[in-house]
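Comments concern the structure below.
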Amino acid sequence: MVINLYDSATGKQENIVPRRLGEISMYVCGPTVYDVPHLGHGRFALVFDILRRYMEFLGDRVRYVSNITDIDDKIITRAQQEGRSYAEVAREFEDVWWSAMDSLGVARPDDIPHATEYVSLMVDAIGEMVDKGYAYEISDGIYFSTDSISEYGLLAHQRLDKLRAGARVEENDEKRSQLDFALWKRAKVGEPSWPSPWGEGRPGWHTECVVMSLGILGEGFDIHGGGADLAFPHHENERAQSIALGKSFARHWVHNGWVTVGGEKMAKSLGNYTSLSDFLSRSDPRAYRLLVLRSHYRSPMEVTPRTVSDAEESITRLDLLMRRYRVTSDVATFPDPATTFITMEDALQMGASRDGLDEFCQHMDDDLDTPGALAGVFELARKANSAFDAGATEDAERLAVTVQVLCNALGFTFDATDGKEFDEETRKLVQERDAARAARDWQRADVLRDELMRRGWIVEDTPNGTMLRGR
RNA sequence: GGCGGCGUAGCCGAGUGGUUCAGGCAGGGGCCUGCAAAGCCUUGUACAGGGGUUCGAAUCCCCUCGCCGCCUCCA
């Protein structure tokens, strides 16, 4: 099975044929840890988590690398404002990052390189670019000469002269071209710095990802990903450097679209962002994953209180199916998506429906059409409920297990509570109500239901008696 | 100025040149239920506007309007 993905470099959908059969190497630009992450960061993390899981589902071994930029102008600025070290700032916000990732159910990358761990390799690379004539020195550091790369502009889909014509700022007269970017920034007084042949300083942002991706995954790795705004100039600049270094770079480029608010890009600078921690403290984290899955990864995605509560309702529907399924079945052990990637083979072994899996894959293979795949999952859920209603338990369970397995493949977990886990007082009310109902004392039963509802429960009657779920 | 994207029913959001309105949420009707809840069934005459191509277009082409993004740090 081969997945097709839209490639930002060619502008077309391409078969992802890995450089080594059965092994996929993927590098995704991670966050700069200078502040709390917002929903936009959450989206890219989820998109690539889902892509990764799907490739594992197909049976490929994925090596997933995503970096942490832990040295950068913004980190330094913040550290100076708060009178602490850049490392403290970076540590703090990296911790926030990972705890948000855990809540979202994003599995850890296989490798998490930090920029500061690669400074000396970056210095080597910059030296090589200087030696080969791709870089030049001016008063505040070393710059890459974009004119030296004939293909520059591939990812921007623009020619060099057009790009130059559109350049908005001319902040540095010494640069040969406005498009040239810093490889090495000389340290000003009080700034953190590392030694180099060009004096104390720090690497420019665009160098770390080339050095780390090539260093860990090697030449010609399969997929390079990130948010759409990284395509230019960040990824363009990475590419330019790889050419200068004479190394073959990423075979495919994948970029995800924005989270929007009222049609506008969610961004720090616009102040229209919701931080992940705020979101996660108010809403079911799975709702965000569902929102991400429900829109195509390259489309803009609108997040509003209403879309979020819609998503929560949808999740509940699946939760209830899973509860229904577990009531009739002993199978309660599914792999935890946080640590395990389920494969199609596993799925078949667990009794999932071949047709259901095939339809799922058909959508996913088509440029990660998660909305289509998800529609199929809900369709299966409907059929499962139908079969349960009809008493066709065997069919129902096969359908339900398919839903379960596909959702696991997408990184979802379910609320597995059987609706009977609550405090003693509540338990007593439930028992009394069941007794009242058995005695056909409807008045008493209704009083008890009202009481339970007052306590925040949604009350359901099932063949197994009163069931509760939270509101 | 250059390049690119978007505009789909109450809301979100896919999709495709042509029988059955992807799916979710919300709403109407029904079945089930002691009543509910959940579930199931059923119900929507959507594709910014205007031209054109076609036997047939929301889907292709042209124009107009509106919105947004990238070209600077940015997921």
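Each chain gets a letter, A, B and so on, in the order the sequences are listed, and its residues count up from 1.
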Could you list, one pair per line, each protein nitrogen or oxygen that sits under 3.5 Å from a nitrogen or oxygen of nucleotides 28-34 of chain B, together with the distance?
{"residue": "B:G34", "atom": "O6", "partner": "A:Arg437", "partner atom": "NE", "Å": "3.3"}
{"residue": "B:G34", "atom": "N1", "partner": "A:Asp446", "partner atom": "OD1", "Å": "3.0"}
{"residue": "B:G34", "atom": "N2", "partner": "A:Asp446", "partner atom": "OD1", "Å": "3.4"}
{"residue": "B:G34", "atom": "N2", "partner": "A:Asp446", "partner atom": "OD2", "Å": "2.6"}

For B:G23, which nucleotide in any strand shown is its Watson-Crick or wobble partner with both distances under 3.5 Å? B:C12
Quick one: A:Leu448 CG to B:A37 C1', roughly how many Å, whole number? 16 Å
Go nucleotide by nucleotide along RNA chain B from the 5' end; which of A:Lys268 and A:His157 gets its closest nucleotide reached first? A:His157
State which of B:C3, B:C40, B:A75 makes the closest approach to the side chain of A:Val259. B:A75
Under a 3.5 Å cut-off for both contacts, is B:C35 paired Watson-Crick or G-U wobble with anything, and if yes, with which nucleotide? none
Can you see if the side chain of A:Lys265 gets near the phosphate of B:C70 - specifically, an N or O under 4.0 Å from OP1 or OP2? yes
Look at all strands and tell whether A:Glu313 reaches a base, only sugar-phosphate, or nothing, counting heavy atoms closer than 4.0 Å. sugar-phosphate
Measuring only the P atom in each nucleotide, how far is B:A48 from B:A14? A whole number of Å is fine. 15 Å
Could you check whether A:Asp229 gets within reach of a base, just the sugar-phosphate, or nothing at all, counting any heavy atom under 4.0 Å? base
In whole angstrom, give me the gap between the C1' atoms of B:G10 and B:C21. 15 Å
Any strand, both distances under 3.5 Å, Watson-Crick or G-U wobble: B:G1 pairs with B:C71
Report the residue from A:Val254, A:Leu46, A:Thr370 that forms a side chain to side chain contact (heavy atoms under 4.5 Å, CB included) with A:Tyr297. A:Val254
Can you tell me how far P of B:A38 sits from CE of A:Met322, to the nearest Å? 18 Å
Nucleotide of B:A14, B:C11, B:G24 approaching A:Asp369 most closely (side-chain heavy atoms): B:A14
B:C63 versus B:A26 - spacing of their C1' atoms, nearest Å: 38 Å
Candidates B:C41, B:G23, B:G10 - which lies nearest the side chain of A:Ser386: B:C41
Which base sits across from B:C6 as a Watson-Crick or G-U pair, both distances under 3.5 Å? B:G66
Identify which nucleotide among B:C12, B:A38, B:A75 has an atom closest to any side-chain atom of A:Arg469, counting heavy atoms from C-beta outward. B:A38
Can you tell me how far P in B:C41 sits from the matching atom in B:G23, rounded to whole Å? 11 Å
Any strand: nucleotide that pairs with B:C40 via Watson-Crick or wobble, under 3.5 Å: B:G30
Send over the distance from A:Phe232 CZ to B:G4 P, rounded to a whole Å. 15 Å
Distance-only donor-acceptor check, side chains A:Tyr152 and A:Asn237, under 3.5 Å: yes
Taking B:C73, B:C11, B:A14 as options, the one with an atom nearest any side-chain atom of A:Ser299 is B:A14
Assess whether a salt bridge exists between A:Asp389 and A:Arg324, defined as any Lys/Arg side-chain N lying under 4.0 Å from an Asp/Glu carboxylate O. yes
Establish, from distance only, whether the side-chain atoms of A:Asn408 and A:Gln404 form a donor-acceptor pair under 3.5 Å. yes
Can you tell me which nucleotide in B:C3, B:A75, B:G23 comes closest to the side chain of A:Ala375? B:G23
Nearest-angstrom distance, P atom, B:G51 to B:G56: 15 Å
Please determine if a side-chain N or O atom of A:Asn256 lies less than 4.0 Å away from the OP1 or OP2 oxygen of B:A75. no
For the P atoms, the ones on B:A46 and on B:C55, what distance do you get once it is rounded to whole angstrom? 25 Å
If I take atom CG in residue A:Leu155 and atom P in nucleotide B:C3, what distance separates them, rounded to the nearest angstrom? 18 Å
Looking only at side chains, do A:Glu460 and A:Thr466 share a donor and an acceptor under 3.5 Å apart? no
Pair partner, B:U53 [Watson-Crick or wobble, under 3.5 Å]: none
Interatomic distance where CD1 belongs to A:Ile315 and P belongs to B:G23 [whole Å]: 18 Å
Hey, does A:Gly376 reach any base, or is it just sugar-phosphate, or nothing, if we go heavy atoms under 4.0 Å? nothing
Counting the atoms with a prime plus P, OP1 and OP2 as sugar-phosphate, which does A:Gly40 contact under 4.0 Å by heavy atoms, base, sugar-phosphate, or nothing? base
When the distance from CD of A:Glu379 to P of B:C41 is rounded to whole Å, what number comes out? 9 Å
Determine whether the side chains of A:Thr77 and A:Gln81 contain a donor N or O and an acceptor N or O closer than 3.5 Å. no
When you measure from the side chain of A:Thr32, which nucleotide among B:A38, B:A75, B:C70 comes out closest? B:A75
If you measure from the C1' atom in B:U8 to the same atom in B:G66, how many Å do you get, rounded? 16 Å
Aromatic contact between A:Phe57 and A:Phe360, with the criterion being ring centroids under 6.0 Å apart: yes or no? yes
Using atom P of each nucleotide, how far apart are B:U43 and B:U20 to the nearest Å? 12 Å
Nearest-nucleotide wise, let me know which of A:Arg294 and A:Phe181 is further upstream toward the 5' end of RNA chain B. A:Arg294
Electrostatic pair A:Arg251-A:Glu14, nearest N-O below 4.0 angstrom: no
Quick one, A:Lys188 with A:Asp140, criterion salt bridge (charged side-chain N to carboxylate O under 4.0 Å, His left out). Give me CA distance, side-chain angles, the key distance, then yes/no. CA-CA 9 Å; A:Lys188 300 192 194 82; A:Asp140 64 352; over 6 Å; no
Can A:Asp49 and A:Tyr64 be counted as having a side-chain donor-acceptor contact under 3.5 angstrom? no
Would you say a side-chain N or O of A:Arg317 is under 4.0 Å from OP1 or OP2 of B:C40? yes
Considering only B:C71, B:C73, B:G39, which nucleotide approaches the side chain of A:Arg324 most closely? B:G39
Between the side chain of A:Arg433 and the main-chain N/O of A:Leu448, is any donor-acceptor distance below 3.5 Å? no
Could you state the CZ-C1' distance from A:Arg164 to B:G1, rounded to the nearest angstrom? 15 Å
Kindly point out which of B:C68, B:C25, B:A75 is positioned nearest to the side chain of A:Ser314? B:C25
A:Ile68 CD1 - B:A75 P separation (whole Å): 11 Å
Proximity to the side chain of A:Arg382 - top-ranked nucleotide from B:C12, B:A14, B:C41: B:C41
